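For reference, the structure is listed below as structure tokens.
Note: hydrogens, waters and symmetry copies are ignored here, and every other heavy atom, side chains too, is used. Because the structure is a prediction, the values reported are computed rather than measured.
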There are 2 protein chains.
Amino acid sequence: MYDQLRFDYLSCAGHPHLHTPNFDRVAAKGLRFTNAFCQSPVCGASRMSFYTGRYASSHGAQWNGFPLRVGEHTLGDHLRAAGMEAWLIGKTHMKADAEGMARLGLAPDSIIGARQAECGFDVWERDDGLWGEGPDGFYDEKRSPYNAYLNSKGYPGTNPWADFANAGLRDGEIASGWMFDNADRPANIREEDSETPWLTTRVLDFMAQAKGPWCAHVSYIKPHWPYIVPAPYHAMFGPDHVPPATRADVERDDPHPVHGAFMGNRIARAFQQEEVRRKVIPAYMGLIRQCDDQLGRILDTLEADGQMAGTMIVLTSDHGDYLGDHWLGEKDMFHNPSVKIPMIVFDPRPQADGTRGTTCDALVEAIDLVPTFVEVAGGTVADHILEGRSLIPWLHGATPQWREFAISEYDYSVTPMRDVVGVSSRDARLFMVFDGRHKLIHAEGGFRPMLFDLHADPEEFHDLAKGDAHGDVIDRLYGHLARWGRRMSQRVTRSDAQIEAMRGRSLTRGILPFLKDGTEVPEAWLQAYRGPMEQDFRADRAEDQE
Amino acid sequence: MYDQLRFDYLSCAGHPHLHTPNFDRVAAKGLRFTNAFCQSPVCGASRMSFYTGRYASSHGAQWNGFPLRVGEHTLGDHLRAAGMEAWLIGKTHMKADAEGMARLGLAPDSIIGARQAECGFDVWERDDGLWGEGPDGFYDEKRSPYNAYLNSKGYPGTNPWADFANAGLRDGEIASGWMFDNADRPANIREEDSETPWLTTRVLDFMAQAKGPWCAHVSYIKPHWPYIVPAPYHAMFGPDHVPPATRADVERDDPHPVHGAFMGNRIARAFQQEEVRRKVIPAYMGLIRQCDDQLGRILDTLEADGQMAGTMIVLTSDHGDYLGDHWLGEKDMFHNPSVKIPMIVFDPRPQADGTRGTTCDALVEAIDLVPTFVEVAGGTVADHILEGRSLIPWLHGATPQWREFAISEYDYSVTPMRDVVGVSSRDARLFMVFDGRHKLIHAEGGFRPMLFDLHADPEEFHDLAKGDAHGDVIDRLYGHLARWGRRMSQRVTRSDAQIEAMRGRSLTRGILPFLKDGTEVPEAWLQAYRGPMEQDFRADRAEDQE
């Protein structure tokens, strides 16, 4: 998994300037899903959906730093039940439910507690990849060993991540990667010491000792900001390689209030400047190209070790990056650059031979991966918990009955845009429904929706909900959303098989309700409730009362 | 709490023949809510909503025997946080989430484990009040001491609950209360040994030793079936006291498929016979009258001990009982005899003086009790977890902005009616939306809804959704249901206050994303990311790569 990697910044997905031979190498061996969506265009919520196989509104960890509720079933729970290990190597953005763990008496340093605190993974290496300053730093809770690694390599200071890995130099001073103006500088670090190669080495360390069957969540922070990359990647792409922004003036004409609010935020205003795009996007492309080279190391090792034939590979991302498209930066909303994700799956088994090198345009969601992996592990997919569906049929050339619409959600309650829009914490929520052609975005709080027709308007410029002409489409998509809202998402303690076993059981387990005189059931069922009463108890108790 | 007590089988609610002076005594001192609804007309799901303050689809324990998910917050969690104990005396219908507890390593015999297994209560006495035969008996998991009590009082056998407390005598043989034909017989037990007085004595034992502040969930199984009651209650009411069934032929004319299926089940067919109603309903009334007398013992004790002025009292039920109305027996559906519940609240504080002896027709839901109790306990109502609202404003004479509609749900996946209706386990679900006048029932699986206008048709005979005339009302109520479906129900790990505290925090915690050149933020924030680089690190790393 990559972080903030757009679906279309890969050569196999058609990028005109960014060559990604190793992504393409997997795509050539596997199946590339061209309509894959994250469950929420923000790291934490999206990842918790990847790790639980459940929608953001189902697992409840709806934004960064919202803890995943204690006891929520994770990929690790499902895989271990099927006899497969689940390891973390990299980023999760998980925040432990410390209150819930304390309430249930779970010690953070116990195996169970540690797994609860890490989305169910056993940790080979955790590295969330963003290091603030000071004891209250934003991602401080789990310190990865990356800074210690950098110190061991001679980079000084308490936060060499900030001073070297994510900063360049200007006139002998630190030129922080936090500032877009520095994005065209090389990071002040040996390339092999930068974060992506370092984590890749840790992946190879893991693979060298791992005994199957295992699942490894290899999770890079890149190409997520800060947008700065070491040489030679900083110089591979320049302003000439930056595609024009996908944006149109009509988008700023009476925009939906939520889109309007996001268009006015700091990141959007920055990316609305061409000079920012021309500096940042080449760095973003360089970060991706570095990721591709490091992917090559893993693929080469799998091939050299003879493990490729026994290893499923999935390449994906938690969400995209607007990069100035639609007058926006970051993610947060539901245009394709943000909500659509790369999803390339290599299944080494012969049953997948028929789909190698092809694409599939089915509506795929991030939550489909957990059931896919459970099926690969030989387990039973817990449909009463998992809301996604296994992708194996598609991989094996079948055309299963499939979902009619994809859902994504966004909770912006902690963002400054909530004040701009003027909604409560509870109403600061967006829902996307996409049926393969029309994309409806519903905003709580009494606003009109947004509607795009991706057949007629693949660039999503024209919000059809502004007019009156598409009421039938809007109603139909709202019908989908209502159906989804009523979905069975929390009946997690009873499987479908258990429900089948429970049916009609009361009558055979000693409870005989609703009999008029007993003739309704076999005589044998009544015997426990019949028979002569001992003499002492034959007196009518009513007489005792007199 | 009583079990299966109809809202209208109390004299304060207008019953013409059943005098309930002690219920009325509380109603005269308190406020009676005339539009109170259970969250699901079945014991287990309803109770889990009472105990969690959350809708059935939110806590997920949607039918009897579906375990409440480990870690779900309960009344006990909320009250203990506010310094109040939460004790169970009687029935909960709780099934522990044994799988979840094992997964989290919770020992059932630890304090935390025991509370998890008992909906968060500390157990003074658990008595679910239905005793099947054999080790596999339906309610066997938690054996109450009631049978041992009966043995100690001289009633022999392994299941004196079945043989005495819930059976009469016929020709010297056990006449089981499981059979409606025996409902007019006195139970073969001394009245003071029957279940309701026994539990009341346990309540008085509790009160005698309790030190405040405490909350006691006093939870009687009665007047739930088996319909049989000891003397003298068995003879207090006869066929002349049985109201005519509230049913009409039009209900059987092209009924909704789900209503049709339930009308054809065994309990419905039994209650469609007048001879059953004429035997069972007098017993049901006798059970209620016995409950009323035992309530009097508690009220008298509170008064004698001087505790009345410091004790809030709530009288309610988990759901009603059709008793033949609408051609149905039991509960399961959403006509008022099933879904409406008694809700009488005595608040001893002077602020409630203005509402004593009055009624309130606001749309009240079972989930409103947990926030009410938390407020009484002096705690902060956790709105991000609790879906109900405190009733205190109503009790204190205010008229708060209130909900526009009440919701109830029913999951019939384990019932035989699912086969009759012909739906999957996942679609065997019903939703009620009631706005104070119109009641819409939605059935998953592609059916038309049901619609009743309780102003024009208070008896709920005429399903308006059969015609085409009420599309606008149906659309409006479906809009309510859709809004409810999108509700924020699982964001339980972040309170509104925590969300406020998180707003905009990243900028002050060492993460400085989205700066163009740093001029956007105070200079002080940048200092950690600036400064001269040591000589060794001034070399352009790009050169190292050459």
| said: For chain A, which candidate among B:Val70, B:Asp411, B:Asn182, B:Leu481 shows the most heavy-atom pairs at distances under 4.5 Å? | reply: B:Asp411
| message | If you count heavy-atom pairs within less than 4.5 Å of chain A, which of B:Arg487, B:His59, B:Gln498 leads? | response | B:Arg487
| field | Residues A:His73 and A:Arg54: side-chain donor-acceptor under 3.5 angstrom | value | no
| If you tally heavy-atom pairs under 4.5 Å against chain B, which of A:Arg429, A:Glu99, A:Gln116, A:Glu444 wins? | A:Arg429
| remark: Honestly, the part of B:Leu526 sitting under 4.5 Å from a heavy atom of chain A is side chain
| Is there side-chain contact between B:Val414 and B:Phe66, with heavy atoms separated by less than 4.5 Å? | yes
| Hey, which of A:Glu520, A:Arg426, A:Gln62, A:Arg530 has the most heavy atom pairs under 4.5 Å with chain B? | A:Arg426
| request: Heavy-atom distances under 4.5 Å only: say whether A:Asp427 touches chain B with side chain, backbone, both or neither. | output: neither
| task | Measure A:Leu106 against the heavy atoms of chain B and call it side chain, backbone, both or neither at under 4.5 Å. | result | side chain
| field | Region of A:Ile112 in contact with chain B, defined by heavy-atom distances below 4.5 Å | value | side chain
| So which of B:Gly157, B:Gly71, B:Ala482 has the biggest tally of heavy-atom pairs under 4.5 Å with chain A? | B:Gly71
| Looking at side-chain heavy atoms only, is the closest gap between B:Ser495 and B:Asp383 below 4.5 Å? | no
| remark: If one checks every heavy atom of A:Arg269 against chain B at 4.5 Å, the contacting part turns out to be neither
| query | Do you know which of B:Val280, B:Val276, B:Asp77 has the most heavy-atom pairs with chain A at a distance under 4.5 angstrom? | reply | B:Asp77
| Does B:Arg503 pair with A:Asp419 as a salt bridge, N-O distance under 4.0 Å? | yes
| Verdict with supporting geometry, B:Ser425 and A:Arg491, side-chain contact (heavy atoms from CB on, under 4.5 Å) | CA-CA 11 Å; B:Ser425 153; A:Arg491 196 173 76 180; 2.8 Å; yes
| remark: Looking only at A:Ala56, A:Ser58, A:Ala98, the option with the highest number of non-hydrogen pairs under 4.5 Å against chain B is A:Ser58
| message | Tell me whether A:Lys279 is salt-bridged to A:Glu275, with the criterion being a basic N under 4.0 Å from an acidic carboxylate O. | response | no
| note | Answer key: most heavy-atom pairs under 4.5 Å with chain A among B:Ser110, B:Gly531, B:Ala235 is B:Gly531
| message | Taking B:Glu173's backbone N and O only, do any of them form a donor-acceptor pair with B:Asp171's side chain (distance below 3.5 Å, no angle check)? | response | no
| query | Under a 4.5 Å heavy-atom cut-off, does chain B meet the side chain of A:Phe431, its backbone, both or neither? | reply | side chain
| Can you find a heavy atom in the side chain of B:Glu330 that is under 4.5 Å from one in the side chain of A:Phe514? | yes
| said: Over 60° means perpendicular and under 30° means parallel, so tell me whether A:Tyr227 and A:Phe180 are parallel, tilted or perpendicular. | reply: tilted
| Sidechain N-carboxylate O distance under 4.0 Å for A:Arg418, B:Glu500 | yes
| field | Proximal component of A:Pro67, with respect to chain B [non-hydrogen, under 4.5 Å] | value | both
| field | Contact origin within A:Asp517 toward chain B - heavy atom pairs under 4.5 Å | value | both
